[in-house]
Structure formats: structure tokens, C-alpha cells
Enquirer: 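My structure is below; once you've seen it, I'll send some questions.
Each ligand, and each atom within it, is numbered from 1 in the order the structure gives.
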Amino acid sequence: MPQVVRSIVAVTYVRDIDASRAFYELLGFGEYSSGRAATAAWTVMQQGEVLILLGSTKPPLEIPRLPLLFYVFYADLDAVVAALDAAGIQMTRTGHPPHALGGEVKVADPDGNTVLLGQRERSASQAPAADDDVSVQFSLLKEAAVVVAAQGGTSHACEVRGQGGRPCPNMAEVKLADSLGDSAWVCLLHAEDILVTVPNAFIASQGDRGIAAFLARH
Ligand SMILES: [Zn+2]
């Protein structure tokens with residue numbers, strides 16, 4: 001007998017179920033069912049046949065920080081971007097990669113999980129994007145690398161280690177950081193990987209004066 005799968009449900013534990021429900025409503029999901037007890041709460045968020053189950057416990061589960069990622073494809077990316085923008089949610093445009101010719105946007109949910117929003121095909125009203133080329137997937141990364149190169153480049157090797165602890169053979173082209181203050185010089189390939197899978201990672205721009213400059217003035 002063939003194994004017929006009807007659907008698959010993405011499940012994530014969240015700290016604050018009300019905050020998370022509000023966020024996923026912005027993405028177009030509506031509450032399908034929910035339950036609440038003294039020590040746990042859950043809500044199934046649905047749009048069409050797509051389901052996300054949000055769960056929370058009291059006290060909260062000790063959940064190790066994981067690179068959880070939801071990728072949600074939309075018929076009209078602009079509509080969801082407008083809703084997120086109106087709610088003041090920070091977004092990063094990641095260009096028009098081959099799997100999302102209509103555009104792609106990265107956001108973090110209230111727990112810091114990465115949520116990527118994409119539109120598979122360019123719509124008729126959209127002008128061809130300048131970065132449809134496979135080689136220009138992450139235009140922001142390219143821009144950052146150009147700034148680094150314009151300032152004399154870097155002598156750093158990529159700090160990512162592969163299997164067996166062998167260092168990545170590429171030269172670093174950009175510096176990434178996260179909200180915990182960690183940073184690393186990495187090649188563009190690894191930078192792309194990190195930006196997609198690490199919540200709250202961002203490009204540490206070399207062009208801006210940093211916090212040290214601010215502190216020095218005060
Ligand atoms: Zn590398």
C-alpha cells in the first residue's frame with residue numbers, strides 16, 4: 001500500500017502564544033483551533049491547507065536555540081510585505097533567487113525564528129529584476145563585499161570550518177554579526193548560508209561608524 005501523505009504540519013514552541021498568533025496573522029494565517037490549560041496553550045494557524053501549530057508551556061520549555069526556518073511561498077509577496085510594513089516589522093529583502101523569481105524577504109518571528117517569504121514566479125506586472133541571475137542571489141551580501149573590497153579588502157580567511165574541522169579554503173569577503181555580539185569574517189557562500197539559517201544574523205557594515213565612535217563622542 002502506498003504511503004499517501006495528505007499534509008504536513010509545521011510545529012514550533014513559542015514563548016508568548018498571543019504575540020506569535022498576531023505575527024502569523026500578519027503572514028495571512030488565521031486561528032483554526034486552539035486550546036489553553038494552566039500549564040500549556042496551543043493554537044493551530046491555518047491558511048487554506050497550510051497549517052502551523054504554535055505551542056507554549058508554563059513554565060516555558062528549555063528549548064536550545066535552533067536554526068528553525070519556515071519558508072512560506074505567496075501568490076503575491078507585495079501584499080504580505082505591505083501588511084508587515086504597516087505593523088512595523090523589520091524585513092530584509094534578499095533579492096530574486098531562482099526559487100523565488102517574484103522576490104524574497106526575510107523576517108524574524110517574535111521568538112527570533114527565521115521566516116523567509118517568497119514568490120515563486122515573477123508576476124506579469126513586475127519588471128524583470130536586475131538580479132535574476134543565479135550568481136546574484138544575495139544582493140545585500142554583494143554590496144557589503146564591494147564595500148569591503150573598496151576599502152582595501154581583507155586578509156582574513158573564511159572562519160567557517162567544514163567536516164573534520166578543515167577550514168573553508170575561501171577568502172572572507174564580508175563580516176557578519178548577530179545580536180549577541182558574535183561576529184565572523186566569512187566567504188559569500190557561507191555568508192548566504194548563515195543569513196538564511198541563523199536567526200538575527202546580519203551584515204556588519206564596514207561603512208558605518210560603530211558604537212565605539214558613538215561612545216567616544218559622549
Ligand atoms: Zn567559507
Side-chain angles (χ1 to χ4, degrees), residues 10 12-13 62-74 77 81 84 89-122 128-214:
T12 180
Y13 283 94
E62 284 283 334
I63 305 169
R65 208 142 167 79
L66 297 170
L68 176 70
L69 189 153
F70 290 153
Y71 201 116
V72 189
F73 281 106
Y74 284 88
L77 184 64
V81 165
L84 290 165
I89 307 278
Q90 276 202 335
M91 288 171 274
T92 306
R93 288 192 179 269
T94 51
H96 299 77
H99 56 266
L101 295 175
E104 185 181 76
V105 165
K106 178 186 166 187
V107 292
D109 80 0
D111 289 82
N113 298 311
T114 301
V115 182
L116 282 167
L117 315 171
Q119 181 178 318
R120 284 194 193 277
E121 303 294 340
R122 190 187 312 137
D131 61 350
D132 274 358
D133 188 335
V134 176
S135 66
V136 195
Q137 289 197 18
F138 278 67
S139 53
L140 285 171
L141 276 177
K142 296 275 178 186
E143 284 170 29
V146 167
V147 171
V148 171
Q151 292 174 348
T154 166
S155 56
H156 295 268
C158 175
E159 293 180 33
V160 176
R161 287 178 179 275
Q163 283 177 340
R166 245 173 289 125
C168 170
N170 299 328
M171 290 303 291
E173 291 186 72
V174 289
K175 186 182 185 183
L176 298 188
D178 65 26
S179 48
L180 297 175
D182 291 321
S183 65
W185 279 97
V186 294
C187 70
L188 282 184
L189 276 180
H190 279 122
E192 178 179 325
D193 206 19
I194 290 169
L195 286 180
V196 168
T197 56
V198 178
N200 297 328
F202 54 87
I203 299 164
S205 166
Q206 298 300 295
D208 300 335
R209 270 171 289 171
I211 292 170
F214 175 89

Enquirer: Is there side-chain contact between M91 and V81, with heavy atoms separated by less than 4.5 Å?
Expert: yes
Enquirer: Please name the residue in the list L195, V196, I194, N200 that meets the side-chain contact (heavy atoms from CB on, under 4.5 Å) test with V198.
Expert: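 Passing option: I194.
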Enquirer: Could you pull out the N/O/S protein atoms under 2.8 Å of the Zn ion (ligand 1), ignoring any water?
Expert: C158 SG, C168 SG, C187 SG, H190 ND1
Enquirer: With sequence neighbours excluded, what pairs up with E121 under the side-chain contact (heavy atoms from CB on, under 4.5 Å) test?
Expert: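 Per chain and number, E121 pairs via side-chain contact (heavy atoms from CB on, under 4.5 Å) with L101.
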Enquirer: Only one of H99, R93, H96 clears side-chain contact (heavy atoms from CB on, under 4.5 Å) with E104; which?
Expert: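 With E104 as partner, H99, R93, H96 yield a single side-chain contact (heavy atoms from CB on, under 4.5 Å), made by H99.
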Enquirer: Under a 4.5 Å cut-off applied to non-hydrogen side-chain atoms, are F70 and T12 in contact?
Expert: yes
Enquirer: For F73, does the CZ atom sit with more than 12 other heavy atoms under 6.0 Å from it, leaving out its own atoms?
Expert: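 Enclosed: over 12 neighbouring heavy atoms sit under 6.0 Å from CZ of F73.
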